[in-house]
Amino acid sequence: MTKMPFDSRPSSILPEEAVVVVSRCMVHPSVGSAMGDLKLTASDLPMLSCHYIQKGNLFHRFPNPPIPSSHSLLSLIRLGLSRALAYFPPLAGRLITDHKGHVYITCNDAGAELLHARADNMSVADILLPKHVPKSVNKLFALDRTVSYEGHFKPILAVQVTELSDGVFIGCSVNHAVMDGTSFWNFFNTFADVCRDGVRRVSSVPDFSRESVLISPAILKLPDGGPTVSFNQNESLKERIFSFSRESILQIKDKVNVTQYGNGSVDAVEILGKLGNDPYYYASSGKLGNGAVSKREGNFETERQISSFQSLCALLWRSITRARRLLPNKTTTLRMAVNVRHRLEPKLEMSYFGNAIQSVPVQAAAGDVLSRGLRWCAERLNEGVAAHGDGAVRRLLEDWKREPRCFPLGNPDGASITVGSSPRFPMYENDFGWGRPMAVRSGRANKFDGKISAFPGREGDGSVDLEVVLAPDTMEAVECDVEFMQYVSPC
Ligand SMILES: *[C@@H]1O[C@H](CO)[C@@H](O)[C@H](O)[C@H]1NC(C)=O
Ligand SMILES: *[C@@H]1O[C@H](CO)[C@@H](O)[C@H](O)[C@H]1NC(C)=O
Ligand SMILES: *[C@@H]1O[C@H](CO)[C@@H](O)[C@H](O)[C@H]1NC(C)=O
Ligand SMILES: *[C@@H]1O[C@H](CO)[C@@H](O)[C@H](O)[C@H]1NC(C)=O
Ligand SMILES: *[C@@H]1O[C@H](CO)[C@@H](O)[C@H](O)[C@H]1NC(C)=O
């Protein structure tokens, strides 16, 4: 149960700001935690220099049943959060570093923060309709620009509930050294389930084991006061969500399939309706996140086929490379975040709590990306991901253990693209009691020129939304790129 009532400290945000925090409180697990310290692994530690993950859902105020009014809404969320924390004790804890330099999550029930904010002048349409994501969306998340190392003295989790004129936004900010996207959505789904029903789904029980090859005795040396992010946070950026319908995705996949190869022979690569680098079976709903794939696809062998998501990434790679007007001999890099839970042998549970991700870079000269066609680019991506089996995962881990370092996010050479998140994450399976969300939005955490986040489309039929962050002139050029824009759904 929560041990502290909401206080009504005056907010530090000026009244003319669109989003005003009206109260904040610490929420503690409904049942005291009995869990011991959890050691950060070789996949967690590098994230200490990254911002907290910030993702949330937008709800319309008047669905059926309607969202309760302020007081009941906040009571419901506070109680639900307290119960959800009982299932995820690390999220109510803090980071600690021992005298040797090993970092742990201590499940001390210090609490997660809950903020109540009002944005009386902001509507659902103000968030959804502008062509570019408005800056005001950044204000829908707590712990803005907080580096994960700060989890030593700040909450691991902060939930901000913002009441808009005609809706509600629920934004979660979670320490990235504590969990990756797979764990994040497992928590968020549990939080919603518990708010709605008081109980969670059986399938979402997190696996807190720390017995895999991810555990390492290596010590990550950090500067005094902790690390900072590895990219310039003040760069001017444009952000836009490009939606691709199921039909568009099938067309892109078809194009990849039939593009002529070399002397004209058509290489009959079988392409299934597979959507990601990340087979993720949701036992809870009895179907995969995008509803389009069979359980059999969890089989690693199917990665030999170019997926529709890889085809979509290839399209983006070409378009951004064209827009950046790079010299033909300039090396471009497309990095994809891959889930390693199913790549390791023995496999980790999909419910494994923590980070189990690696970055797979694929490189090609800008001239090749542009002249060799969509199919060629998609094949490069497919080869890169398919080669990332148990052996490659272990090699990267060994490299890190020899030379521990923070995760280098960013685009230092001006020719990089980083694709994160996944269209397979169950981002719309968050029903707090008033139906499916209208949309998914993220805060400004870990954004730089060339950062792409893939979300499932709201329809859940295999459609995909790409959240694309670019330098303003690059965005403008992508928006005029016919090869790319012909597949994008009209706003
Ligand atoms: C909302 O907008 C009205 C009219 O534009 C303005 O008078 C008022 O101060 C605004 N309120 C907030 C909280 O921004
Ligand atoms: C970025 O902006 C913030 C706030 O305006 C400022 O404190 C910081 O020094 C700036 N950093 C860089 C690298 O320019
Ligand atoms: C077409 O190219 C492939 C691969 O380069 C080659 O194996 C094949 O013999 C060529 N076919 C013809 C008809 O030239
Ligand atoms: C891919 O192309 C081959 C050969 O043209 C064709 O037989 C197959 O049906 C195509 N697959 C898809 C999914 O379009
Ligand atoms: C790339 O091409 C440019 C212009 O042709 C040339 O000046 C440069 O040296 C080349 N760079 C490399 C690494 O080959």
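Atoms within each ligand, like the ligands themselves, are counted from 1 in listed order.
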The side chain to side chain donor-acceptor pair (under 3.5 Å) partner of H51 among R444, Q233, E150, H176 is Q233
When you compare the side chain of Y149 with that of L95, does any pair of heavy atoms fall below 4.5 Å?
no
For atom 2 (O) of ligand 5, which protein heavy atom lies nearest, and how many Å away is it?
N329 ND2, 2.4 Å
Carboxylate-amine/guanidinium contact D37 R210, below 4.0 Å:
no
salt_bridge(D390, R343) N-O dist < 4.0 Å
no
If we count only non-hydrogen protein atoms and require a distance under 4.0 Å, does atom 5 (O) of ligand 5 qualify as touching the protein?
no
Give a yes or no on whether atom 9 (O) of ligand 5 lies under 4.0 Å from any heavy atom of the protein.
no
